[in-house]
Amino acid sequence: MTKMKSQQKFEGTFWFNNNLFTKNLVPGEQVYGERTINVKQEEFREWDCRRSKPAAAMYKNLHQFPIWKGMKILYLGVASGTTSSHFSDIIGKEGIIYGIEISERSLRDLLPVAENRKNIVPILADARKPEEYSWIEEVDLVYADVAIKDQSEILVRNSKMFLKPNGAAMIAIKARSIDVTQRPQEVYKQQRKILEIFFNVIDFVTLDPYEKDHGYFVLKRK
Ligand SMILES: C[S@@+](CC[C@H](N)C(=O)[O-])C[C@H]1O[C@@H](n2cnc3c(N)ncnc32)[C@H](O)[C@@H]1O
């Protein structure tokens, strides 16, 4: 048997033989066909950097990742739950993810995931209209991955409404959905200016080659 080399950089995330994993909150259940392994009688799910942007950011040597046990998260563009299932593993049963999604079809695919993981609350709504879900509580972190032109403005608007003082945010910027004619580096620079109205940028990485022309910002509320 070969010995598994393990490392931990951020709470709730694990590197085994240079591959990223989270500890499965629901052992025996997979979400998107990801590989699982057992280490010392615990089950870990591989966090695929080609399917999930925060995982890609970690492979690109991100230094700040402000998600930990018990956190409350507002997730804009939760889709069918690929990334949120790993956030769900990290925050554990004491945490909660309010997952906003505009597409009924994606949300339908999220329902069985949320059925297994009681810390994910699926909400069918438009992230451009946070008043539609004004009932949710204050959160520790807002994550945005809606891949639309005005998503930095959407993140700021939602954070003004729901993010607690000192709270954090993360956003994956797809340069091509903002401006196909500009160089991605130019797009990131412009988006940074919008984000800096409300946040300090505490980390930034590009996600190539895992996600082409994507930038990933980690932010702290001013
Ligand atoms: C890139 S996908 C998200 C992938 C997901 N974050 C993951 O990693 O598992 C973008 C999602 O944002 C959703 N979306 C687009 N515009 C939206 C809006 N205005 N409000 C809420 N969701 C939106 C899309 O339907 C799509 O499911």
Side-chain angles (χ1 to χ4, degrees), residues 13 20-22 24-25 29-34 45-60 62 65 67 73-91 97-114 116-117 119-136 139 141-162 169-178 180 184 187 191 194 205-208 210-219:
T13 68
L20 182 63
F21 289 81
T22 55
N24 198 351
L25 186 67
E29 296 285 338
Q30 289 157 272
V31 175
Y32 56 102
E34 68 281 15
R45 303 166 51 233
E46 185 161 12
W47 196 350
D48 189 338
C49 60
R50 296 199 180 265
R51 302 279 301 275
S52 176
K53 288 152 205 152
M58 288 187 203
Y59 277 86
K60 292 295 301 283
L62 194 74
F65 186 70
I67 296 190
I73 297 175
L74 171 60
Y75 191 131
L76 310 174
V78 69
S80 54
T82 302
T83 296
S84 63
S85 68
H86 290 285
F87 288 0
S88 154
D89 284 344
I90 299 169
I91 64 172
I97 298 167
Y98 297 101
I100 310 300
E101 177 52 56
I102 202 167
S103 150
E104 268 182 51
R105 198 201 156 104
S106 297
L107 205 80
R108 211 174 309 130
D109 294 338
L110 177 66
L111 293 181
V113 180
N116 272 332
R117 294 170 174 270
N119 61 7
I120 300 180
V121 181
I123 301 167
L124 183 65
D126 182 348
R128 286 190 173 113
K129 299 179 187 157
E131 355 24 277
E132 285 183 1
Y133 43 92
S134 60
W135 52 269
I136 71 166
V139 297
L141 178 121
V142 184
Y143 177 61
D145 182 22
V146 282
I148 50 179
K149 199 173 168 58
D150 55 340
Q151 76 158 338
S152 294
E153 289 87 347
I154 290 174
L155 172 66
V156 170
R157 198 177 315 147
N158 276 268
S159 299
K160 280 184 179 162
M161 255 179 101
F162 302 112
M170 295 192 288
I171 184 167
I173 302 278
K174 185 178 177 183
R176 293 185 158 275
S177 49
I178 291 164
V180 279
V187 175
Q191 295 301 302
I194 299 168
V205 289
T206 58
L207 302 186
D208 307 73
Y210 308 113
E211 293 278 358
K212 196 172 161 8
D213 299 338
H214 278 69
Y216 193 92
F217 285 94
V218 183
L219 307 156

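Indexing begins at 1, ligand by ligand and atom by atom, following the structure's order.
Look at Lys174 and Asp213 and you find no salt bridge, because none of the NZ, NE, NH1 or NH2 atoms lies under 4.0 Å from a carboxylate O. The pair Asp208-Lys60 does not meet the salt-bridge criterion, since no charged nitrogen lies less than 4.0 angstrom from a carboxylate oxygen.
The atoms of ligand 1 that sit less than 4.0 Å from any heavy atom of Asp126 are 18 (C), 19 (N), 20 (N). Which parts of ligand 1 touch Ala79 is read off a 4.0 Å heavy-atom cut-off, strictly below it: atoms 3 (C), 4 (C), 5 (C), 27 (O). Against a heavy-atom cut-off of under 4.0 Å, Ala125 is close to the following atoms of ligand 1: 20 (N), 21 (C). If you number the atoms of ligand 1 from 1 as listed, the ones under 4.0 Å from a heavy atom of Ile148 come out as 16 (N), 19 (N). The distance from ligand 1 to the heavy atoms of Ser103 drops below 4.0 Å at these ligand atoms: 25 (O). Listed by number with element, the atoms of ligand 1 under 4.0 angstrom from any heavy atom of Lys53 are 1 (C).
With respect to atom 23 (C) of ligand 1, the closest heavy atom belonging to the protein is Ile102 CG2, 3.4 Å. The closest protein non-hydrogen atom to atom 25 (O) of ligand 1 is Glu101 OE2, 2.5 Å. Summary of contacts: the protein heavy atom closest to atom 4 (C) of ligand 1 is Asp145 OD2, 3.4 Å. The shortest contact between atom 20 (N) of ligand 1 and any protein heavy atom is with Ala127 N, 2.8 Å. Of all protein heavy atoms, the one closest to atom 15 (C) of ligand 1 is Val146 O, 3.5 Å. In terms of protein heavy atoms, atom 3 (C) of ligand 1 is closest to Gly77 O, 3.3 Å. Distance from atom 8 (O) of ligand 1 to its nearest protein heavy atom, with residue and atom name: Thr83 OG1, 2.6 Å. Counting only heavy atoms of the protein, atom 6 (N) of ligand 1 lies nearest to Tyr75 OH, 2.6 Å.
A ring pair (Phe, Tyr, Trp, His ring centres under 6.0 Å) with Phe162 is found for one member of Tyr75, Tyr98, Tyr133 and no other, namely Tyr133.
At a cut-off of 3.5 Å, with distance as the only test, no side-chain donor of Asp109 or Ser80 sits close to an acceptor on the other residue. Checked by atom type, the side-chain pair Arg51/Thr83 shows no donor-acceptor distance below 3.5 Å.
Between His86 and Phe21, the distance separating the two ring centers is not shorter than 6.0 angstrom.
No donor-acceptor pair closer than 3.5 Å links the side chain of Ser52 to the backbone N or O of Asp48.
Atom CG of Asn119 sits about 3.5 Å away from atom OG of Ser88, to the nearest 0.5 Å.
Dense packing is recorded around CD of Glu131, with more than 12 heavy atoms of other residues, nucleotides or ligands lying under 6.0 Å away.
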